[in-house]
Amino acid sequence: MLTIQSLREEKHRILAALDKRHFDAREAIQQVLEWDAVRRKTQAKLDDTLAQSNVLSRKIGGLIREGKKEEAEAVKAQTSSLKAQSSELKEQMQALETQIHDALCHIPNAPHADVAAGRSAEDNVETFRSGDASTLEHHKKPHWDIAEQCQLIDFELGAKVTGAGFPFYRGKGAKLQRGLIRFFLEQADTAGYEEFIPPHMINPDSGFGTGQLPDKEGQMYHMQDDELYMIPTAEVPLTNIYRDVMVKEDDLPIKLCGYTPCFRREAGSYGKDVRGLNRLHQFDKVEIVQFAHPEESYATLDGMVEHVKGLLEALELPYRILRLCGGDMGFTSAMTYDFEVWSAAQERWLEVSSVSNFETYQANRLKCRYKGNDGKTHLVHTLNGSALALPRIVAALLENHQDNSGIRIPSAIVPHCGFKRIDFS
RNA sequence: GGAGAGGUGCCGGAGUGGUAACGGAGCAGAUUGCUAAUCUGUCGGCGGGCAACCGUCGCCCGGGUUCGAAUCCCGGUCUCUCCGCCA
């Protein structure tokens, strides 16, 4: 969430930035600032009351030690009004803090100055394109047909055992999956990201830390008996490693990566969006995460974009990069680049990666800070990106790299999956 | 799942109702002068102040009792030991 301090100091910049999302926060921010002013006055009163009562308590302690019981009782009588006053002030403080917190949780992050205003995906800005997406070869089969024909992925078996959106990968389909994960992890390793295997379930504090709670509660699978959520992305456990941590300024940037399955309920999706591998309830992804110095975080974001570009080049897929407009960005992001690969058979772009800088929005929730050279503590900037999400990559590989007799595996992947082709049987 | 013990600062570790001993590490400053020693300081949140600084809260978390809670009470959580179950 946004910091109160930033609302106090640069309200107008933030309001203008939020306008790019078509989010009018004027009323909410004004309200928060008013509550904050009351809160500060209330605290001054409360502190003063507690100070008085501390003085009296010490006096009582001293008198009792000296054996002056009657005098001590007399002082005790003086404390009752202070006690009533302080408990009332405490209640007011708590109520104000809750109100402020709830209000802040409902204000999205302020987009960076370079983010375009816009309402939907149509206003996104294409910043890069590679490969030929214009040559449409209509003989090409969609990936779901190939997956079935070559026995790579069994959607029906998954539906039987679990439900729609939980496919089985089998044979070369499973090996391709494993090979891609390996390739992505090794590329991340080479780029200096430390590998983690995180838990696949998280508690509510972690869900709040990265912003899935309370806004996106309905998108996560929830174990009610144990109050745990299945992770929708490795971003959640990886970023929460540094929840409530004071890092050393010299240790920045901190670079983490990890492979996990991701679980998403995807409530409300339907039709061609969910055909084949386009949208699943469980899918595999390698995630990269960085904790960066505020002055470096946009250079860091560029570096992460370059990293993902390298992966897509190695996969020899046509792709483009979009800088999302205000209206299409996630709630917590200040700037997001989406990567999309071209699906030759479906003749449309498929999102395979989203790389974002959250600036201090997550760090404020996480309380992840460092002590600067100025001796003060500052929030770090957090960033993350998919590098990469598997299903749509597999879809694009099957559709783009097919010839008359089968699928050619890009040479970068061959050593990791162990075969060069998948032949049509 | 059952029983017991425990959680104090960066680390070790005292503290059974009077407002966090002591020892060590790192860092900073001062001082001595040289394989270093000594002294002082050292954390976080919130609020006030130009600032030095002041107030308040923080002894796993959340409540409660009390003039006053690390200490007593209730709930939770995590760790350890034993038993049970188990890949």
Side-chain angles (χ1 to χ4, degrees), chain A residues 1-9 32-105 197-209 213 223-229 237 240-252 254 291 360 362-380:
Chain A
M1 55 193 172
L2 296 171
T3 61
I4 282 267
Q5 196 189 4
S6 69
L7 294 181
R8 276 192 215 137
E9 290 172 1
V32 165
L33 290 175
E34 281 168 25
W35 283 334
D36 182 53
V38 178
R39 188 195 110 244
R40 283 186 284 165
K41 271 188 204 154
T42 307
Q43 185 177 349
K45 262 192 252 171
L46 174 62
D47 284 357
D48 185 54
T49 309
L50 290 172
Q52 289 179 42
S53 123
N54 283 342
V55 168
L56 291 179
S57 286
R58 284 187 203 113
K59 202 165 160 190
I60 292 169
L63 290 170
I64 286 176
R65 244 170 300 155
E66 293 166 22
K68 300 175 179 166
K69 291 244 165 81
E70 292 80 18
E71 287 182 43
E73 289 301 323
V75 179
K76 267 192 202 181
Q78 297 173 31
T79 61
S80 63
S81 68
L82 288 176
K83 202 187 176 187
Q85 200 181 343
S86 69
S87 67
E88 194 190 322
L89 288 168
K90 262 182 209 168
E91 268 176 44
Q92 289 175 16
M93 280 288 282
Q94 210 153 40
L96 284 164
E97 277 166 10
T98 306
Q99 282 178 333
I100 290 169
H101 183 265
D102 288 352
L104 286 177
C105 281
I197 300 178
H200 295 173
M201 296 189 204
I202 48 110
N203 60 31
D205 283 347
S206 295
F208 176 78
L213 296 176
M223 312 298 130
Q224 288 187 330
D225 285 349
D226 298 291
E227 197 52 23
L228 295 172
Y229 296 86
N240 274 280
I241 290 171
Y242 285 91
R243 171 152 52 82
D244 292 322
V245 171
M246 186 78 74
V247 301
K248 293 194 179 109
E249 187 171 17
D250 292 343
D251 289 344
L252 298 174
I254 295 166
F291 299 82
T360 61
Q362 286 184 332
N364 188 33
R365 293 180 168 214
L366 294 161
K367 296 200 177 62
C368 178
R369 296 159 299 173
Y370 69 93
K371 186 165 285 241
N373 293 325
D374 54 5
K376 293 184 179 166
T377 54
H378 303 278
L379 293 166
V380 303

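A quick note: this is a predicted structure, and the numbers were derived from the prediction, not measured. Just so it is clear: chains get the letters A, B, ... in the order the sequence lines come, proteins before strands, and each one is counted from 1.
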Could you tell me how far [M] sits from [N] if I compare only their [atom1] atoms? Round to whole Å.
N: B:rG15; M: B:rC59; atom1: C1'; value: 11 Å
N: B:rU19; M: B:rG55; atom1: C1'; value: 15 Å
N: B:rA25; M: B:rC11; atom1: P; value: 15 Å
N: B:rG33; M: B:rG24; atom1: C1'; value: 25 Å
N: B:rU77; M: B:rG62; atom1: P; value: 15 Å
N: B:rG18; M: B:rA5; atom1: P; value: 24 Å
N: B:rA30; M: B:rU16; atom1: P; value: 41 Å
N: B:rG9; M: B:rC27; atom1: C1'; value: 15 Å

May I ask which nucleotide in the shown strands pairs with [N], Watson-Crick or G-U wobble, both distances under 3.5 Å?
N: B:rU79; result: B:rA5
N: B:rA21; result: none
N: B:rG55; result: B:rC46
N: B:rG84; result: none
N: B:rC72; result: B:rG64
N: B:rU40; result: B:rA28

Are the charged groups of A:R39 and A:D36 less than 4.0 angstrom apart, N to O?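 Between A:D36 and A:R39 there is a salt bridge, with a charged N closer than 4.0 Å to a carboxylate O.
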Between atom [atom1] in [X] and atom [atom2] in [N], what is the gap in whole Å?
X: A:E227; N: B:rG75; atom1: CD; atom2: P; value: 21 Å
X: A:K248; N: B:rC10; atom1: NZ; atom2: C1'; value: 9 Å
X: A:N203; N: B:rC78; atom1: CG; atom2: C1'; value: 12 Å
X: A:Q94; N: B:rG63; atom1: CD; atom2: C1'; value: 10 Å
X: A:E66; N: B:rG18; atom1: CD; atom2: C1'; value: 13 Å
X: A:I60; N: B:rA69; atom1: CD1; atom2: C1'; value: 15 Å
X: A:Q78; N: B:rG68; atom1: CD; atom2: P; value: 14 Å
X: A:E71; N: B:rC67; atom1: CD; atom2: P; value: 19 Å

Looking at A:R365 and A:F208, would you say the former's side chain and the latter's main chain have a donor-acceptor pair under 3.5 Å?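 Yes, A:R365 side chain to A:F208 backbone: donor-acceptor pair under 3.5 Å.
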Categorize A:E249 for me: base, sugar-phosphate, or nothing, with a 4.0 angstrom heavy-atom threshold over every strand shown.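 Here A:E249 touches no strand at all.
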Under 6.0 Å from the [atom1] atom of [X], do we count more than 12 heavy atoms belonging to anything else shown?
X: A:E34; atom1: CD; value: yes
X: A:E70; atom1: CD; value: no
X: A:Q94; atom1: CD; value: no
X: A:E249; atom1: CD; value: yes

Heavy atoms under 4.0 Å is the rule here; annotate nucleotides 41-59 of chain B 5' to 3' with B where the base is hit, S where only the sugar-phosphate is, and - elsewhere. --SSSBSS------BSS--
Hey, are the side chains of A:L2 and A:N364 touching, using non-hydrogen atoms and a 4.5 Å cut-off?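 The answer is no; the side chains never approach within 4.5 Å.
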Would you indicate whether the side-chain heavy atoms of A:Y229 and A:S206 approach each other to under 4.5 Å?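 No, their side chains stay 4.5 Å or more apart.
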Results of ring pair (Phe, Tyr, Trp, His ring centres under 6.0 Å) for A:H200 - residues two or more places apart only: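 Once residues adjacent in sequence are excluded, A:H200 has no partner under the ring pair (Phe, Tyr, Trp, His ring centres under 6.0 Å) criterion.
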Name the residue closer to the 5' end of RNA chain B, choosing between A:T79 and A:G61 according to the nucleotide with the nearest heavy atom.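 In this pair, the answer is A:G61.
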